[in-house]
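Just follow the structure's listing: the first ligand is 1, and inside any ligand the first atom is 1.
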Amino acid sequence: MTTGTITPEARRAGDDFLVFGALRASINRIDERLLQLLAERAKVATDIGLAKRMTNRPIHDAPREEDHANKLCSIGESLGLPSHVVRDLYRVLARQGFGAQLESQSEATPRATPANSESFRLARIEPGRSPTIVQVGEAQIGGGLFEVIGGPCAVESEQQIHLAADHARAAGVRILRGGAFKPRTSPYDFQGHGLKGLRWLADAAHSRGMAVVTEVLDPADAGAVAEHAELLQIGARNMQNAPLLRAAARTGRPILLKRGPSAGIREWLCAAEYILLEGNSQVILCERGLRTFESETRNTLDLSSVAALRELTHLPVIVDPSHAAGRDELIRPLCRAAHAVGADGVIVEMHPCRGEAMCDKRQALSPSQLRSITKDVHLVQTMRDARS
Ligand code: PEP
Ligand code: MN
């Protein structure tokens, strides 16, 4: 039978409960909130990991991390927390954050070679192989910065291309486009100025520190085009022209390979394979829209190909919204979409006096429209840099 006497131990436990119970409950609540914040932080770290993967950025950035740790220490000091405690805490947080980033990258990285990819075995993605970066003048396509390539559809005169180059340079363009050999639907339309146009183009770009991209139409011209241009374009109509692909590849210049208007993604990769097989690894793929039943736009821009290619190939991918949309007013939003889907850049047409363009007038951007696009890109990049 119990006597009702309270032992000294029980009394001490009761006192403990009264004195510490409320305080313990409140510190437990703080710990739970900290755990919730940690879980939130891990989610953000996962997003940062994905963004770094999309832009080929390394997970670690030691100077930025050191800078952030110092800032946290001084905030900690103002709150009465010794800096060694803050530093230890940050180390734990950073380790957990990097773990989350690595996990997100391994989730995003294809784990196996794509199925049925033997026919493009050099172009296909391989586990552990880093993405290809193509150097064109100052630009590194696939290196993390979204490149805006611009210039007129065709080189129309020496004066026109110099004026276009002035505007392109002012907008921050580093690779000037312009057709000297023009693939036209009607043989009666302006076919380009050929070699003469190529020389004007090269002079206009090089004298302003820009590189040149221009189309090569005939295998016999590949050498001459390569003498003047840093990047050789294979147009959509010629995507499967094997002798042209081989001749362009053998110049050793990087190749911009446009997608045929009715070519499947795998056929496109097989075309790239022709170039790679010549020992030229510098290939950039360019999505420029497909021929469909839609008549509001010139072609239908297949942005899903950009996402699909990320799972299939290590080659960089850019987008040509000009030939896809066929209308100047659609080009800026499509550039934003190309950026959002993870393309490595865009190539757009701009004419110094768009009303006078000799070809593709309807889709030519004005110089100020081009500047809005490069400004968009610059803004997004600055915001991203500030956040990472
Ligand atoms: C061009 O870029 O000049 C061109 C003709 O484009 P596409 O080959 O995509 O039609
Ligand atoms: Mn054009």
Side-chain angles (χ1 to χ4, degrees), residues 136 141 147-156 160-161 164 168 173 175-187 189-194 197-198 201 205 211-218 221 225 229 231-241 244-245 248 254-263 265 267-268 271-272 283-292 297-303 305-306 317-328 330-331 334-335 338 343 345-352 354-366 369-370:
V136 183
I141 315 285
E147 201 64 33
V148 179
I149 303 172
C153 178
V155 179
E156 297 170 5
Q160 173 252 15
I161 193 63
V173 165
I175 306 172
L176 183 69
R177 64 148 290 150
F181 299 95
K182 289 304 301 172
R184 303 306 301 278
T185 302
S186 165
D189 289 340
F190 172 56
Q191 305 285 308
H193 286 295
L198 200 55
L201 172 66
V212 165
V213 56
T214 195
E215 179 159 354
V216 51
L217 266 186
D218 185 329
D221 295 328
V225 177
L231 177 61
L232 268 49
Q233 178 172 319
I234 302 289
R237 293 162 179 81
N238 275 313
M239 188 202 85
Q240 286 179 310
N241 182 338
L244 181 63
L245 292 169
I255 309 290
L256 180 67
L257 179 62
K258 290 201 150 188
R259 180 183 186 179
S262 26
I265 291 172
E267 290 169 310
W268 189 10
V283 179
I284 304 165
L285 300 167
C286 177
E287 170 61 60
R288 47 78 76 205
L290 301 174
R291 176 167 288 203
T292 70
T297 48
R298 184 175 175 182
N299 289 287
T300 297
L301 183 57
D302 178 17
L303 283 177
S305 74
V306 180
V317 189
I318 68 166
V319 170
D320 172 352
S322 298
H323 290 90
R327 288 157 53 187
D328 64 312
L330 301 188
I331 294 169
L334 291 178
C335 285
V346 285
I347 178 165
V348 294
E349 290 190 342
M350 176 274 296
H351 196 283
R354 55 185 303 266
E356 291 168 21
M358 290 170 73
C359 42
D360 290 350
K361 187 190 294 198
R362 185 65 187 84
Q363 69 200 34
L365 296 170
S366 67
Q369 284 174 311
L370 175 66

Peer 1: Are there more than 12 heavy atoms of other residues, nucleotides or ligands under 6.0 Å from atom CZ of R291?
Peer 2: no
Peer 1: Out of curiosity, I175 CD1 to I284 CD1, how far, rounded to the nearest 0.5 Å?
Peer 2: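 Answer rounded to 0.5 Å: 6.5 Å.
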Peer 1: The Mn ion (ligand 2) is nearest to which N, O or S atom of D360?
Peer 2: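 Going through the N, O and S atoms of D360 one by one, OD2 ends up nearest to the Mn ion (ligand 2).
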Peer 1: Among all protein heavy atoms, pick the one closest to atom 8 (O) of ligand 1 and tell me residue, atom and distance.
Peer 2: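 In this structure, atom 8 (O) of ligand 1 has A236 N, 2.8 Å as its nearest protein heavy atom.
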Peer 1: Would you check if the side chain of R288 reaches a backbone N or O of H323 as a donor-acceptor pair within less than 3.5 Å?
Peer 2: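 Judged by distance alone, no pair lies under 3.5 Å.
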Peer 1: For R237, counting its heavy atoms only, list the atoms of ligand 1 lying under 4.0 Å from any of them.
Peer 2: 10 (O)
Peer 1: Under a 4.0 angstrom heavy-atom cut-off, which atoms of ligand 1 come close to G235?
Peer 2: 8 (O)
Peer 1: Tell me which one of K361, E356, E156 satisfies side chain to side chain donor-acceptor pair (under 3.5 Å) with H351.
Peer 2: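 Result: among K361, E356, E156, E156 is the only option passing the side chain to side chain donor-acceptor pair (under 3.5 Å) with H351.
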Peer 1: Any side-chain to backbone donor/acceptor pair from Q369 onto S366? Under 3.5 Å, distance only.
Peer 2: yes
Peer 1: Give the name of the N/O/S atom in E349 that lies closest to the Mn ion (ligand 2).
Peer 2: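 Looking at E349, the N, O or S atom with the least distance to the Mn ion (ligand 2) is OE2.
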Peer 1: Considering only the protein, which heavy-atom contact is closest to atom 4 (C) of ligand 1, and what is its distance?
Peer 2: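 For atom 4 (C) of ligand 1, the nearest protein heavy atom is H323 NE2, 3.5 Å.
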Peer 1: Quick one: nearest non-hydrogen protein atom to atom 3 (O) of ligand 1, plus distance?
Peer 2: R177 NH2, 2.8 Å
Peer 1: Using atom types as modelled and distance alone, determine if a side-chain donor or acceptor of R184 lies under 3.5 Å from a backbone N or O of F190.
Peer 2: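 Answer holds: yes.
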Peer 1: If the cut-off is 4.0 Å to any non-hydrogen atom of K182, which atoms of ligand 1 fall inside it?
Peer 2: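 Reading through ligand 1 atom by atom, the close ones are 3 (O).
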Peer 1: State, to the nearest 10 degrees, the angle whose vertex is the Mn ion (ligand 2) and whose arms point to NE2 of H323 and SG of C153.
Peer 2: 160°
Peer 1: When you measure from the heavy atoms of R259 to every atom of ligand 1, does any distance fall below 4.0 Å?
Peer 2: no
Peer 1: Does any N or O of ligand 1 fall below 3.5 Å from an N or O anywhere on Q233, backbone included?
Peer 2: yes
Peer 1: Please work out which of E287, R288, K258 has its closest non-hydrogen atom nearest to atom 6 (O) of ligand 1.
Peer 2: K258
Peer 1: Can any side-chain N or O of E287 pair as donor or acceptor with the backbone N or O of G289 at less than 3.5 Å?
Peer 2: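 It does hold such a pair.
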Peer 1: Does any N or O in the side chain of R177 come within less than 3.5 Å of the main-chain N or O of T214, such that one atom is a donor and the other an acceptor?
Peer 2: no
